[in-house]
Amino acid sequence: MQSPEPLLCIVGQTSAAAKVILRILQGCNSLQRLHKIHAHVITTGLQHHPAISSKLLHFCAISVSGCLSYAQLLFHRLQNPLTQDWNSIIRGFSDSPSPLSAIFYYNAMVSAASDSRPDTFTFSFVLKACERVKAQSKCKEVHGFVIRCGYKRDVVVCTNLIRSYAGNGLIWDARKVFDGMLERDLVSWNSMISCYSQAGFHHEALKIYNMMKNENVGLDGFTLVSLLSSCAHLGALNIGVQMHKIAREKGFVESVFVGNALIDMYAKCGNLDAALIVFDRMQKRDVLTWNSMIVGYGVHGRGDEAIYFFRQMINAGVQPNSITFIGLLCGCSHQGLVEEGVKYFYNMSSKFNIKPGIKHYGCLVDLFGRAGKLENALEVIRTSPTHEDPVLWRTLLGSCKIHKNVHIGEIAMRNLVQLGASNAGDCILLATIYIGVNNADGVARMRKMIKSRGIKTTPGWSWIEVGDQVHKFVVNDKSHPDTDEVHHKLREIIHGATLLGYVEEESPLITVPGFNNEEGCLGTSSCHSEKLAIAFGIARTTEGTCLRIVKNLRVCRDCHSFTKFVSKAFSREIIVRDRVRFHHFKEGSCSCKDYW
DNA sequence: TTAGGGTTAG
């Protein structure tokens with residue numbers, strides 16, 4: 001039989017015993033040992049000692065070697081749980097796989113007839129649980145109680161409220177809390193910036209940073225990472241370069257987080273050379289570092305280099321994840337590397353034990369489809385575990401447009417209709433295929449389908465950064481303050497491109513209102529957002545300056561041809577990031593080799 | 001005794 005714990009043997013009188021047990025608990029690092037201590041606590045009659053029971057509960061609820069169900073057992077044995085006991089159990093569950101239980105305990109605490117009232121810690125823990133379970137109304141209710149309890153000025157509780165609201169999709173409520181704070185520290189500023197960035201409000205994130213600069217709170221790696229992510233999404237290279245300079249000056253470039261965010265920013269802003277310089281200088285690299293390079297080369301259509309980095313990653317002993325393969329397959333697809341792409345798709349599960357997800361199947365369909373192997377693409381969808389996903393059929397329909405394949409295009413459309421997922425973009429894609437083969441009946445059917453369903457399209461927009469400002473242009477929209485100047489400049493540019501042979505392509509097709517949405521491009525494209533952004537860029541930058549444009553949709557055929565001519569006529573390098581990939585236009589040709 | 005912040009795909 002095992003001998004008892006030496007320290008437990010010396011337990012004598014109650015106060016001395018309590019002190020010893022508390023000391024033992026301090027150094028306790030396993031659940032097994034804790035069970036022994038608990039058994040001894042019971043035999044010595046100390047199970048109701050407040051400090052001991054709190055300590056035991058805290059250990060079980062919080063410690064990595066603890067156990068939440070055991071913590072629950074201990075909690076329910078407490079006759080009068082103190083606030084700190086409630087906090088332990090709420091905190092334990094808020095970090096656990098079942099955060100909803102944290103809310104149950106919070107509810108029980110609030111409704112219990114005891115003196116143990118919620119404090120700032122309780123609110124911090126329960127708000128975290130609200131964020132994790134997406135309990136929007138509970139978050140609002142807790143906020144109300146925070147105010148009634150007089151904690152509305154607590155900087156940590158307010159920061160938790162910001163995160164909880166934003167995590168529940170209530171970004172404007174988060175902002176109201178932020179605006180109402182009398183005192184803000186670096187963490188609260190960073191939280192507001194990261195909440196905006198994660199919710200896709202990138203301009204707002206940058207505006208908060210501008211406000212922050214006037215407050216003398218400084219910045220740190222957290223600030224930079226969120227801001228760089230927003231710059232990456234916006235394609236705001238100039239602002240990103242300023243962030244890089246600050247990171248160097250303040251000594252944050254050594255951080256893996258900052259390095260990764262810099263690589264991603266440069267890659268998404270179209271400057272892979274700068275991304276590579278950051279990568280080469282990094283002392284420490286993790287899976288995100290490699291992924292950022294692989295995805296970066298992938299979306300630029302440079303599959304060979306994506307494969308090179310993947311091999312280097314494996315040689316460096318870094319385990320790839322599902323995102324690695326998205327970058328790799330994307331690169332293979334855009335470069336037409338079918339065999340390599342197929343090999344990596346199968347290696348994912350066989351060599352790396354990563355189950356392909358819907359996105360990977362989408363990449364495989366795209367890989368075959370772009371290469372004209374439409375039957376193979378169809379087979380992939382039919383044999384995939386996710387064949388009922390409209391994304392795959394839509395990808396196939398896009399490939400049918402490239403290769404003017406009516407038969408498979410109609411199969412894809414039929415499946416989209418059966419799934420109840422067909423949208424205006426799909427109708428436009430199929431109509432474009434019909435146009436390509438002079439099928440007037442098909443075109444008429446698509447036009448009827450669009451009209452009868454009244455399906456809405458996504459308006460196309462483009463961003464262009466000039467100086468440290470990002471300007472947005474929307475198709476057929478005249479809201480930009482310099483719209484007259486832009487349209488005047490555009491006419492001049494079209495003239496210049498026409499002299500070199502550009503002919504504006506105008507579809508004979510559609511007069512359905514609201515269908516000049518860019519992608520699919522049925523109608524005149526002269527007001528497409530991309531052309532407006534190019535005109536603005538040429539008007540506002542010095543000769544020879546590279547233009548960088550970010551679009552929310554795919555580049556249409558006419559705009560692609562237009563941009564090629566403009567790059568030659570005006571000697572400008574124009575880098576366009578569309579919804580799927582990058583296009584580098586230079587001296588009249590595009591890096592995609594018209595294969596997109 | 002205890003609390004709040006970061007990057008890649010989509």
Side-chain angles (χ1 to χ4, degrees), chain A residues 22 25-26 51 54-59 61-63 82-92 94-95 118-128 131 151 154-164 166-167 177-178 181 184-198 200 205 217 219-233 243 247 252 255-265 267-268 275 278 285-296 298-299 320-330 357-360 362-363 391 579-580:
Chain A
L22 283 168
L25 276 167
Q26 204 79 42
S54 285
K55 197 82 185 170
L56 276 168
L57 170 61
H58 184 255
F59 177 88
I62 311 301
S63 163
L82 303 170
T83 295
Q84 66 196 46
D85 302 321
W86 288 102
N87 287 354
S88 293
I89 198 83
I90 294 170
R91 181 188 175 191
S94 73
D95 284 328
D119 61 9
T120 55
F121 295 97
T122 324
F123 290 125
S124 293
F125 303 138
V126 74
L127 283 167
K128 187 177 193 180
E131 184 190 342
Y151 293 132
D154 186 279
V155 69
V156 180
V157 173
C158 284
T159 307
N160 275 307
L161 275 166
I162 290 169
R163 299 208 68 78
S164 198
V177 174
F178 180 78
M181 288 172 79
R184 300 184 194 112
D185 61 10
L186 184 55
V187 179
S188 38
W189 282 97
N190 285 350
S191 297
M192 193 67 249
I193 291 173
S194 75
C195 286
Y196 269 135
S197 181
Q198 284 164 13
V217 276
L219 57 76
D220 62 9
F222 288 85
T223 330
L224 289 169
V225 165
S226 297
L227 291 172
L228 285 166
S229 171
S230 282
C231 290
H233 282 96
M243 298 296 161
F252 295 124
S255 149
V256 182
F257 281 100
V258 174
N260 292 347
L262 279 167
I263 291 176
D264 181 56
M265 182 277 293
K268 294 245 177 66
V278 176
R285 300 178 185 128
D286 63 12
V287 64
L288 274 91
T289 321
W290 292 97
N291 283 356
S292 298
M293 292 304 292
I294 293 166
V295 172
V299 294
N321 64 19
S322 66
I323 298 170
T324 319
F325 287 95
I326 286 177
L328 206 48
L329 293 171
C330 173
I358 176 70
K359 302 289 170 221
H360 302 99
C363 290
V391 173
R579 192 163 54 81
V580 177

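Chain letters run A, B, ... following the sequence lines, proteins first and then strands; every chain starts at 1. Computed over heavy atoms, backbone and side chain alike; hydrogens, waters and symmetry mates excluded.
Comparing B:dG4, B:dG6, B:dT8 by their nearest atom to the side chain of A:Asp264 picks out B:dT8. Considering only the side chain of A:Phe121, B:dA3 comes nearest among B:dA9, B:dG6, B:dA3. Side-chain proximity of A:Phe125 to B:dT8, B:dG6, B:dT2: nearest is B:dT2. Closest approach to the A:Asn160 side chain among B:dT7, B:dG4, B:dG6 is made by B:dG4 (side chain taken as heavy atoms from C-beta onward). In the set B:dG6, B:dT1, B:dG4, B:dG4 carries the atom at the smallest distance from any side-chain atom of A:Val156. Here B:dT2 is the nucleotide among B:dG4, B:dT8, B:dT2 with the atom lying nearest to any side-chain atom of A:Arg91. Comparing atom distances between the A:Lys268 side chain and each of B:dT8, B:dT2, B:dG4 picks out B:dT8 as nearest. In the set B:dT8, B:dG6, B:dT2, B:dG6 carries the atom at the smallest distance from any side-chain atom of A:Arg163. The A:Thr120 side chain lies nearest to B:dA3 when the options are B:dT8, B:dA3, B:dG6. The side chain of A:Lys359 approaches B:dG10 more closely than any other nucleotide in the set B:dG10, B:dT8, B:dT7.
Residue A:Leu262 contributes atom CG, which lies 13 Å from atom P of B:dT8 at whole-angstrom precision. Taking atom CG of A:Asn321 as the reference point, atom C1' of B:dT8 lies 8 Å away to the nearest angstrom. Protein atom CD1 of A:Ile263 is 15 Å distant from nucleotide atom C1' of B:dG6, rounded to whole Å. The distance from atom CD1 of A:Ile62 to atom C1' of B:dA3 is 11 Å, rounded to the nearest whole Å. For the pair A:Met265 CE and B:dT7 P, the computed distance is 16 Å after rounding to whole Å. Regarding A:Lys128, its NZ atom lies at a distance of 9 Å from the P atom of B:dA3, rounded to whole Å. Computed from coordinates, the A:Ile193 CD1 to B:dT7 C1' distance equals 15 Å when rounded to whole Å. Following rounding to the nearest Å, A:Asp220 (CG) and B:dG4 (P) show an atom-to-atom distance of 16 Å.
Under 4.0 angstrom from either OP1 or OP2 of B:dT8 there lies at least one side-chain N or O belonging to A:Ser229. In terms of phosphate contacts, A:Lys55 brings no side-chain nitrogen or oxygen within less than 4.0 Å of OP1 or OP2 of B:dT1.
When heavy atoms are screened at a 4.0 angstrom cut-off, A:Thr289 is found touching no nucleic acid atom at all. Here A:Thr122 lies out of heavy-atom contact (under 4.0 Å) with every strand. A:Leu224 comes within 4.0 angstrom of nothing in the nucleic acid, heavy atoms only. Nucleic acid contact class of A:Gln198 (heavy atoms, under 4.0 Å, all strands): sugar-phosphate only. At the heavy-atom level, A:Asn87 lies under 4.0 Å from base atoms of the strands shown. Across all strands shown, A:Ser197 has no heavy atoms under 4.0 Å from either base or sugar-phosphate atoms. Within 4.0 Å of A:His360, counting heavy atoms only, lies no atom of the nucleic acid at all. Within the nucleic acid shown, A:Val287 has no heavy atom closer than 4.0 Å to any nucleic acid atom.
The base of B:dT1 is paired with the side chain of A:His58 by a donor and an acceptor separated by under 3.5 Å. Remark: the A:Gln84 side chain and the B:dT1 base include a donor-acceptor N/O pair separated by less than 3.5 Å. A donor and an acceptor atom never sit less than 3.5 Å apart when one is taken from the side chain of A:Asn260 and the other from the base of B:dG6.
For the residue pair A:Arg91 and A:Ser124, no side-chain donor N or O sits within less than 3.5 Å of a side-chain acceptor on the partner. A donor-acceptor contact closer than 3.5 angstrom is absent between the side chains of A:Ser88 and A:Asp85.
At least one side-chain heavy atom of A:His360 sits less than 4.5 Å from a side-chain heavy atom of A:Leu329.
Applying the ring pair (Phe, Tyr, Trp, His ring centres under 6.0 Å) test to A:Phe325 and every residue at least two apart in sequence or in another chain returns A:Phe310, A:Phe352. Annotation: salt bridge (charged side-chain N to carboxylate O under 4.0 Å, His left out) contacts of A:Lys128 (sequence neighbours excluded): A:Asp95.
Between the side chain of A:Ser194 and the main chain of A:Ser226, no donor-acceptor pair closer than 3.5 Å is present. Between the side chain of A:Ser54 and the backbone N or O of A:Ala51, no donor-acceptor pair lies under 3.5 Å.
The aromatic ring of A:Phe257 does not sit over the base of B:dT7; the criterion of centres under 5.5 Å apart with planes under 30° is not met.
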